[in-house]
Amino acid sequence: MRITSSRVVQTIAAALAVGVIATGCASERGEKSEGGDTFVFGAAGDPGSLDPALASDGETFRVTRQAFEALIEHEPGGTKLVGGLAESWDSNDDGTEWTFNLRKGVTFHDGEKLTAEAVCKNYDHWFNWTGTYQNSAVSYYWQTIFGGFAKNESEDTPKANYKGCEAKDELTAVISVHEASANLPGGFSLQALAIHSPKAIDKYEAQEATGEEDAISYPEYSQKAGTVAGTGPFRIVEWDKGNKEVTLERFDDYWGEKAGVEKLVFRTIAEESARRQALQAGNIHGYDLVAPSDVATLEKEGFQVPVRGVFNLFYVGFSQEANKALQKKDVRQAITHAIDRENIVKTQLPEGGVVATQFMPDTVDGYSDKVATYEFDSAKAEELLKKAGEEGLAVDFCYPTEVTRPYMPAPMDMFELMKTDLTEAGIKVNPKPMKWAPDYLDATEAGSCDLHLLGWTGDFNDAYNFIGTWFAGYDKQWGFRDDEVFDAMKAAESEPDPAKRVELYKKANEVIMDYIPGVPVSSSPPSIAFAKDVNPPKVSPLTQENFAEVSFK
């Protein structure tokens, strides 16, 4: 692929910023430091918050997952649910009461003890959020899993499904919901619902998030180290925003196996080429989202480049409230026909990438072979636009900068390919580049972009975690209301029989793709790279690597 002069300048600048074209002391180069090992990982983007409850993106969760734990976790390297802070769990026959038997002897980073009351304090804290905390860009996952709040302040906020939490005894917590949900028990494994120290909650509970829509200011405590406290194998000790680094230290009172390194540093290096150069120069010990063209080179040089399983979806989202023309089905179909998805898969994704036919990968039960399909056809796109009376259609097309994602290794390049396709079909594209966090994430969640690029790596292995995340009800990101889509999702969510629910997911996928709320583009297996002298963690199809498993050879 040809690299423009501007891309070369960006790459060199990024390389200079991380020390690829300069020397430094051992700790700066990510080498073993005196008194213990320091592992440095090249992240693709900045975290948006040190409180995972306020986040919805993988770069934030990559950091917070090392310090916070949820009631349920996933087995290392897999998608099976296993005990987290709860050794075991079960539910009543109706799926409305979930009992968690907590581990003994678990200590938070601030010295507090894990108890059932601490668990309930977390869930009740989230349930009672008010003001800007109720914005879907801030409380995205709470609303996705449990709906609304004790007192909804907007008619667009979903009805609350959370009923309450009771501490039956010191180590037994019971969480109740009004109706059974396909989101449970998987939702209890989310990093956004990881458990905080009750003492820490008391300290920052009064702090407010402010702003609206795509201009949100997050509370002060979430933007600096030393305030949040989890139970994980590392504790967060510094967030140097100027140098784009988050530093964590091993938590020696951790209840499980101690971390294999003393310090863990996440250093943001937005350009993939700069991350690769930093690894090759020995300045970092690993990085994520390896460019497909770099895999063979790194392996030949002796680096470790494991490949994750396919568990993601890349899409173009439409906001029907941002651009009224998108309310016309012919226009949505035209845009879908105009984009050459096969070309994107062939030129931008690693081997194993596939064109998506629906809003979930075929590795998840509920995938349908009967959905409406939209082949690349510029002429047909033009015909549909003419039929809709939108021959002169213009769209604001947002795409993220300073980041790469598992489903989107080169956002600008992918955008440019789509812009060319849309222009060929007679659509005027107004590019809207935005910094990933928080600008882009807030803007897309608020539905401020006519078109935007986003994707999803599954949080747990259920179809609802994909299609239910977006289409269970009104969502500002999409800005549409369609009872047929919503009813199809509701039928699947409320079905207690797993086999019947899978069939309902298939039907829901067919309804969604007939409505065509956006363009599902692709699914792909992202690679992650590690230095030769590292014992890496088990790689996760959910991108949920546990860096406590890392050690040096």
Side-chain angles (χ1 to χ4, degrees), residues 51-54 68-73 81 83-103 106 108 112-131 133-136 138-206 230-231 459-460 464-465 468 472-473 490 493-494 496:
D51 181 349
L54 308 181
F68 289 91
E69 296 172 303
L71 292 171
I72 303 173
E73 299 288 347
L81 293 173
L85 291 180
E87 277 190 312
S88 62
W89 69 93
D90 57 33
S91 72
N92 62 359
D93 291 340
D94 295 333
T96 56
E97 286 187 1
W98 294 86
T99 301
F100 296 92
N101 303 303
L102 305 180
R103 296 185 185 275
V106 176
F108 288 96
E112 292 288 288
K113 300 295 183 183
L114 174 69
T115 64
E117 288 186 356
V119 170
C120 290
K121 189 178 185 73
N122 276 262
Y123 276 79
D124 289 342
H125 165 65
W126 299 321
F127 182 53
N128 285 284
W129 269 340
T130 59
Y133 284 116
Q134 291 197 11
N135 188 298
S136 60
V138 180
S139 53
Y140 177 83
Y141 269 113
W142 174 266
Q143 294 191 44
T144 297
I145 303 301
F146 290 108
F149 305 91
K151 184 178 180 181
N152 286 349
E153 298 173 8
S154 168
E155 63 180 13
D156 291 331
T157 303
K159 180 182 177 182
N161 195 34
Y162 177 79
K163 187 175 182 180
C165 181
E166 180 184 359
K168 288 288 189 181
D169 56 44
E170 185 178 13
L171 294 175
T172 307
V174 179
I175 296 175
S176 301
V177 293
H178 293 288
E179 297 179 1
S181 170
N183 275 321
L184 302 176
F188 294 119
S189 71
L190 292 178
Q191 177 60 195
L193 300 180
I195 304 301
H196 297 236
S197 161
K199 184 194 295 185
I201 291 177
D202 287 338
K203 287 181 179 179
Y204 56 66
E205 192 162 26
T231 59
D459 298 301
F460 49 87
Y464 200 85
N465 184 242
K490 182 64 176 176
E493 180 188 19
S494 58

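Predicted, not measured: the structure shown is a model, and the values here were computed from it.
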If you round to the nearest 0.5 Å, how far is [atom2] of [Y] from [atom1] of [X]?
| X | Y | atom1 | atom2 | result |
| --- | --- | --- | --- | --- |
| Gln134 | Asn128 | CD | CG | 10.0 Å |
| Leu114 | Thr231 | CG | OG1 | 7.0 Å |
| Trp89 | Ile72 | CH2 | CD1 | 4.5 Å |
| Trp129 | Asp124 | CH2 | CG | 12.5 Å |
| Asn465 | Asp459 | CG | CG | 4.5 Å |
| Leu71 | Leu81 | CG | CG | 12.0 Å |

Original post:
By ring pair (Phe, Tyr, Trp, His ring centres under 6.0 Å), which residues pair with Phe127, not counting sequence neighbours?
Top reply: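 Counting only residues at least two positions away or on another chain, Phe127 forms a ring pair (Phe, Tyr, Trp, His ring centres under 6.0 Å) with Tyr162.
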**OP:** Could you label the plane-to-plane angle of the Phe146 and Phe188 rings as parallel, tilted or perpendicular, counting under 30° as parallel and over 60° as perpendicular?
**Re:**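 Answer is tilted, since the angle falls between 30° and 60°.
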**OP:** Check the angle between the aromatic planes of Tyr204 and His196 and answer parallel, tilted or perpendicular using the 30° and 60° thresholds.
**Re:**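 The rings of Tyr204 and His196 stand perpendicular, inter-plane angle above 60°.
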**OP:** Determine whether Gln191 and Pro52 make a side-chain contact, defined as any pair of heavy atoms from C-beta on separated by less than 4.5 Å.
**Re:**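 Yes, their side chains come closer than 4.5 Å.
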Original post:
Should Tyr123 and Ile195 count as side-chain neighbours, where that means a heavy-atom distance under 4.5 Å?
Top reply: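 They are in side-chain contact.
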**OP:** State, to 0.1 Å, how close Ala182 and Phe460 come at their nearest heavy-atom pair, and which atoms those are.
**Re:**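 Scanning both residues completely, I find the closest heavy atoms to be O-CE1, 4.4 Å.
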Original post:
Minimum heavy-atom separation for Tyr464 to Ala472, with atom names?
Top reply: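 Looking at all heavy atoms of both residues, the shortest contact is OH-CB, 3.0 Å.
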Sequence neighbours left out, what passes side-chain contact (heavy atoms from CB on, under 4.5 Å) with [X]? Give chain and number order.
| X | answer |
| --- | --- |
| Glu166 | Lys168 |
| Glu205 | His125, Ile201, Asp202 |
| Ser197 | Phe108, Asp110, Glu112, Lys199, Ala200, Ala229 |
| Ala167 | Ala116, Glu117 |

Original post:
Can a donor-acceptor pair be found between the side chains of Tyr140 and Asn135 at a distance below 3.5 Å?
Top reply: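 Note: Tyr140 and Asn135 side chains miss the donor-acceptor criterion.
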Please tabulate, for the side chains in residues 93-102, all donor-acceptor contacts under 3.5 angstrom to protein atoms that are two or more places apart in sequence or on a different chain.
from, atom 1, to, atom 2, distance (Å)
Thr96, OG1, Asn92, ND2, 3.0
Trp98, NE1, Gly95, O, 3.2
Asn101, ND2, Ser88, OG, 2.9

Subject >> Backbone of Glu179 reached by a side-chain donor or acceptor of Asn161 within 3.5 Å >> reply: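 Answer holds: yes.
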Original post:
With distance as the sole test, does Trp142 use its side chain to make a donor-acceptor pair with the main-chain N or O of Gly148 at under 3.5 Å?
Top reply: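 Yes; judged by distance alone, with no hydrogens or angles, the pair exists.
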List, one per line, each side-chain donor-acceptor pair under 3.5 Å for residues 170-178, sequence neighbours excluded.
from, atom 1, to, atom 2, distance (Å)
Thr172, OG1, Asp169, OD1, 2.8
Thr172, OG1, Asp169, OD2, 3.2

Subject >> All pairs passing side-chain hydrogen bond (donor to acceptor under 3.5 Å, both in side chains) where residues 144-159 contributes a residue, at least two apart >> reply: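 Listed by first then second residue: Asp156-Arg481.
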Taking only residues two or more places apart in sequence, or in another chain, which ones meet [X] in a side-chain hydrogen bond (donor to acceptor under 3.5 Å, both in side chains)?
| X | result |
| --- | --- |
| Thr115 | none |
| Asn183 | none |
| Gln143 | Ser139 |
| Lys203 | none |

Subject >> Residue pair Glu73, Ser189: steps toward the side-chain contact (heavy atoms from CB on, under 4.5 Å) verdict >> reply: CA-CA 5 Å; Glu73 299 288 347; Ser189 71; 5.8 Å; no
